[in-house]
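Everything on this sheet refers to the single structure shown next.
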Amino acid sequence: MTPAVFSRRRFAGWRALGVLVLAAASLPAAAQSMACGSYTRDDGNAVLIIESEGHGFLTSPHAPTEELRLARSEDVLGMVNLATGDMENWSFGEGDRTLTGGYHDFVRHTAAACKPFYAVEEGSCRADPVACLEDFLEAEPAQLRQWCREDVPVACKRLIELYERQANEAAPEQAPPFEKPAQCDETAKVFDAEVCMRLLETVAGEIMGKALTGLSRAPQATLPAAQLVELADLCRQHPREEFCQSVAQALWDAGRLLDARQALQHACSERPQAQACSLVAPLLGLSVAALSPQPTTTLPCGTYQAETGLPSGLRFGDDGVVQVIGYATRLRASVQDERIHLRRDIGDDFVLQATEDGSLVGMDGSTRFAHYTRRPGATDACSSGPRAFLEIVQPLDCPTLDRAGGAEACCKAGQLLGCRIAATTRVRADDWRGAQPYYAALCSAGVRAGCVGLAEVFEHTGDEAVPAALKAICVAGGVAHTACDVDATRDWPALRAMVRAIAEDAARRE
């Protein structure tokens, strides 16, 4: 049975109950059958409020209030959640004292007289929510836009999701983060479909792993200006928490910071515990200049602090090296596409945008909505600007990965994918010292992951030969070698202190 058929059959009974919903407004009080009042969920984390024959709310201190369309037939309560699109049949019990549904039991703690059911426009989604929401995932933008104007929150959320998907699909395809193996080139003499698949699966597994753990995210395309204006208007007219926060995110990513602040205010208007309230609070007192982006041409210098965002404190120094305040972490800054990029060895770049008043705003997933203000201090100028370093893309050059000792043999023959796999295999077995020579081979060849791996070996072993080896590779390769960048962006004193603390703690436990 297809999901669509299952959905239609599952909600066929609700369609019959929907007749009661439409008629509820005209029912005399004596004929009302709904057990109105407040019902507390068995875990205490939610309350169901039935206000009238036709509608109610599901409230929680940890989530936005969700409006419900209701209809009753005997002991069955038909329910459409206008915030999520979910449709369910729940059951009254114990003389209407309990309600069972949604994997929970609800117990009535306050009975109340039913209020009159609000008027609904005939033909609207609110008048027959089953008909419009049963297949809302397939609805076109024009239909979703109409339902959103009728104040159906799930349609608003679905509209922005659809716009974002369309924008991502229309964006230029990104180049793969690795060179095409010769075995995958059908015109090459060494073409081998089986080996090609094995090599690609090896790299795809690593890329997928980073995506699943949140260390790397696909870049989101900016929505067209007309859609951003439309969404901002819909948010202003229907200020629902989740929808308006998504609109604020799209506006911020497009550089429309003032409009994004306003959307966050709308998202905060429903409840003071909303995440949007904590995000917008530091932005409320800022001037127009502080939220007016301008192209970045040079790196800033000095200390910048934000109330939100991770990281919240950044100290820009010489050669584009940035100290993350409060952490044993240094990053290298560069100017790309008129924005400041702080490169991370694990995860996507932190991205910052300069504004007209000299402050910075965060533009990536970790720093979005953060406003960084420059703190007064001794550092007024930084010597030299950002530096460029040479590194090679990890080659896919080991066709014997499936053989015993195949990775090690490849590394010995100068095939660098073998070095990467051999090092990774030992790290998974917690053999960091065993991984060191393979990381060194990668690093010497100019693969940045090998140099980063060497630094990680030091973090796990405290072997002083490791930073010495990294410095030696830098000297041998020249000032532009990627090893020089990795060495300069390690906070070696802090790392040594961390290693000592771990060793002392382990000694105390023995």
Side-chain angles (χ1 to χ4, degrees), residues 173-185 188 190-192 194-219 331-332 334 336 341 343-349 388-403 405-429 431-432 434-457 466 469-470 473-474 476-478 480-487 489-490:
E173 191 171 330
Q174 284 197 314
F178 50 83
E179 295 179 351
K180 183 179 180 180
Q183 290 87 351
C184 296
D185 184 354
V190 294
F191 171 72
D192 187 321
E194 184 177 346
V195 170
C196 171
M197 184 60 66
R198 188 161 59 247
L199 293 172
L200 295 180
E201 285 175 351
T202 299
V203 175
E206 181 176 338
I207 295 172
M208 183 64 70
K210 289 182 179 180
L212 292 175
T213 56
L215 296 176
S216 182
R217 302 180 179 90
L331 306 171
R332 180 78 68 174
S334 63
Q336 301 177 33
H341 283 245
R343 180 173 185 172
R344 292 194 289 171
D345 290 313
I346 301 177
D348 298 327
D349 291 353
F389 296 89
L390 302 175
E391 57 185 273
I392 69 169
V393 177
Q394 171 71 65
L396 303 185
D397 55 359
C398 181
T400 59
L401 289 178
D402 56 343
R403 302 177 191 173
E408 291 77 1
C410 281
C411 186
K412 187 176 181 179
Q415 295 171 325
L416 298 178
L417 181 60
C419 303
R420 181 74 170 268
I421 300 302
T424 301
T425 300
R426 282 154 179 78
V427 166
R428 287 174 179 167
D431 179 13
W432 288 89
Q436 179 176 339
Y438 297 105
Y439 279 139
L442 278 171
C443 182
S444 297
V447 177
R448 185 182 180 87
C451 302
V452 173
L454 276 179
E456 290 177 340
V457 169
V466 174
L470 194 59
I473 295 172
C474 166
H481 195 285
T482 188
C484 303
D485 185 32
V486 172
D487 179 43
T489 52
R490 301 309 104 167

Using every non-hydrogen atom in the two residues, find where [X] and [Y] come nearest and quote the distance to one decimal.
X    : Y    : value
C443 : I473 : SG-CD1, 3.8 Å
G406 : C398 : O-SG, 3.8 Å
V457 : Y439 : CG2-CD1, 3.9 Å
A441 : C411 : CB-SG, 4.2 Å
E456 : W432 : CB-CZ3, 3.7 Å
L470 : V486 : CD2-CG1, 3.9 Å

Taking atom [atom1] of [X] and atom [atom2] of [Y], what is their separation to the nearest 0.5 Å?
X    : Y    : atom1 : atom2 : value
Q336 : H341 : CD    : NE2   : 4.5 Å
D185 : D192 : CG    : CG    : 13.0 Å
L454 : R490 : CG    : CZ    : 10.5 Å

Take the SG atom of C419, take the SG atom of C410, and say whether they are under 2.5 Å apart.
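Looking at C410 and C419, their sulfur gamma atoms do not lie closer than 2.5 Å, so the answer is no.
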Within the structure provided, determine whether R332 and F389 are in side-chain contact (heavy-atom separation under 4.5 Å).
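They are in contact (side-chain heavy atoms under 4.5 Å apart), so the answer is yes.
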Any side-chain heavy-atom pair of R343 and L331 under 4.5 Å
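R343 vs L331: side chains apart.
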Measure from the side-chain N and O atoms of R426 to the backbone N and O of A422, and report whether any donor-acceptor pair falls under 3.5 Å.
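Pair found, side chain donor or acceptor close to backbone of A422.
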Member of T482, D487, D485, L442 meeting the side-chain contact (heavy atoms from CB on, under 4.5 Å) criterion with C451:
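Exactly one pass, corresponding to T482.
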Check against disulfide (SG to SG under 2.5 Å), C196 and C184
CA-CA 5 Å; C196 171; C184 296; 1.9 Å; yes
